[in-house]
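Residue numbers begin at 1 in each chain, while the letters A, B, ... track the order of the sequences.
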Protein chains: 2
Amino acid sequence: MLELAVLGLLKEHDLHGYELRKRLGDLLGTGAAVSFGSLYPALSKLEAAGAIRVVTPPGNAGGHSATMAGRVPGRKRKVYGITTAGSALFQQLLTERRSAPLDERSFSLRLAFASYLSPELRLGLLERRRTLLAERLAELAATTGKPRGNRYVQLLAERERDSLSRDLSWLDRLITDERAMGRLAVHN
Amino acid sequence: MLELAVLGLLKEHDLHGYELRKRLGDLLGTGAAVSFGSLYPALSKLEAAGAIRVVTPPGNAGGHSATMAGRVPGRKRKVYGITTAGSALFQQLLTERRSAPLDERSFSLRLAFASYLSPELRLGLLERRRTLLAERLAELAATTGKPRGNRYVQLLAERERDSLSRDLSWLDRLITDERAMGRLAVHN
DNA sequence: GTTGGACATATCGGCTCGATACATCGAGTG
DNA sequence: CACTCGATGTATCGAGCCGATATGTCCAAC
């Protein structure tokens with residue numbers, strides 16, 4: 001999850017951890033922002049694996065033009081860049097369909113990077129997510145007949161139902177678009 | 001999170017782990033079902049803390065009417081029941097407003113048990129969740145002006161915006177209802 | 001009678017979160 | 001000018017949760 005996100009963002013720009021977090025925040029919505037307690041270990045791990053490397057080592061940074069010698073000017077940020085191995089890892093993580101979790105967060109992340117996928121894989125991603133949500137909705141509809149516990153549980157279930165059907169329509173729209181674009185591409 | 005859920009469900013019925021998981025599943029939606037890897041350790045912990053206890057010990061269970069003696073009939077389920085201390089813990093976990101996480105799951109869980117809250121605390125719960133979502137929406141609106149990355153990121157952001165405003169309306173409706181019920185109760 | 005699937009409990013490694021600590025920097029305030 | 005405060009920035013730790021996996025029981029269907 002996090003590794004995919006980091007690699008994907010570094011594919012576009014070199015970034016340091018703090019900034020990475022912010023970008024991730026408005027990529028997936030503030031609610032899904034990742035914590036530093038996950039981010040920094042993940043960065044260390046990716047660096048150890050050779051997927052990313054420190055581009056601006058501490059002691060070499062900053063826009064300080066005329067600060068004098070021994071002071072070690074902008075000693076703070078660790079700016080990371082992606083390596084060739086990192087790009088390969090990114091593609092691998094993004095592509096592998098098996099066991100790919102399709103929860104809200106993973107799905108959103110993958111969709112955000114969907115431009116790096118082939119049209120077929122992109123469509124597959126959308127369809128698998130659609131299947132998952134459809135199953136949930138069916139399951140929910142099955143239990144809806146029975147009397148639910150209290151008022152609040154009932155409200156929760158209704159909201160869930162609405163939310164699911166809205167997401168399904170949204171996905172259907174996306175899928176239709178994808179198919180249309182696919183046909184268009186073929187005709188060119 | 002999980003502890004609150006377990007205690008809340010056991011307040012209504014004695015249950016064993018597997019069944020607990022199912023109930024939790026259709027209480028919060030199948031997507032939010034808890035894993036056994038969290039559930040069983042949580043049960044052990046709660047039992048050790050004296051909040052729950054095994055009601056039907058293994059070796060004593062089952063509807064087997066005429067199975068003979070030494071066979072140890074329904075030796076499988078471990079049915080748990082809540083203790084007095086457990087009820088107290090439940091109230092405490094449900095009530096403590098400070099540091100209560102308001103993410104989707106926690107909120108839904110608390111709302112599902114909202115009947116155990118005083119009208120004031122119930123209203124507070126809804127309002128704090130509302131505030132959170134409103135902040136997110138504002139933040140999102142702020143970044144919406146700027147050009148987003150690719151097409152998919154943009155779609156994701158739009159979806160998020162719609163979803164947030166829907167949830168806000170939903171919450172507003174609930175809040176209004178709560179206030180109305182409060183006034184009604186006062187008039188009786 | 002045996003094979004397959006639902007039921008049921010349990011553990012383990014790995015990921016993520018929230019809290020916490022610490023250090024730097026720029027902007028404002030007295 | 002010294003001071004403080006809040007944003008920036010990196011890092012670690014404990015606890016909680018998930019997914020995979022192992023193991024065993026019960027029942028029905030073939």
Between [atom2] of [N] and [atom1] of [X], the distance in whole Å:
X: A/R105; N: D/dC17; atom1: CZ; atom2: P; answer: 15 Å
X: A/D103; N: D/dG19; atom1: CG; atom2: C1'; answer: 12 Å
X: B/L28; N: D/dC18; atom1: CG; atom2: P; answer: 11 Å
X: B/L43; N: C/dA10; atom1: CG; atom2: P; answer: 8 Å

**Prompt:** Taking the side chain as C-beta and beyond, is there a heavy-atom pair between A/L111 and B/L156 under 4.5 Å?
**Reply:** yes
**Message:** The criterion is side-chain contact (heavy atoms from CB on, under 4.5 Å); which residues satisfy it with B/R105, sequence neighbours excluded?
**Reply:** B/M1, B/A32, B/V34, B/D103
**Message:** Before we go on, tell me: are the rings of A/F90 and A/F113 under 6.0 Å apart, centre to centre?
**Reply:** yes
**Item:** Residue A/K76, side-chain heavy atoms: nucleotide from C/dA10, C/dT24, C/dC7 that is nearest
**Value:** C/dT24
What's touching nucleotides 12-16 of chain D from the protein side, N or O pairs under 3.5 Å?
unit_1: D/dG16; atom_1: OP1; unit_2: B/K45; atom_2: NZ; d: 3.1

**Asked** Do any of residues 7-23 of chain A sit with a heavy atom less than 4.0 Å from DNA chain D, and if so which?
**Response** A/H16, A/G17, A/Y18
**Message:** For the backbone of B/A114 and the side chain of B/R122, can you confirm whether one donor and one acceptor N or O come within less than 3.5 Å of each other?
**Reply:** yes
**Request:** Begin with the C-alpha distance, continue with both residues' side-chain angles, and end with the deciding distance and a verdict on side chain to side chain donor-acceptor pair (under 3.5 Å) for B/S35 and B/S38.
**Result:** CA-CA 6 Å; B/S35 85; B/S38 316; 3.3 Å; yes
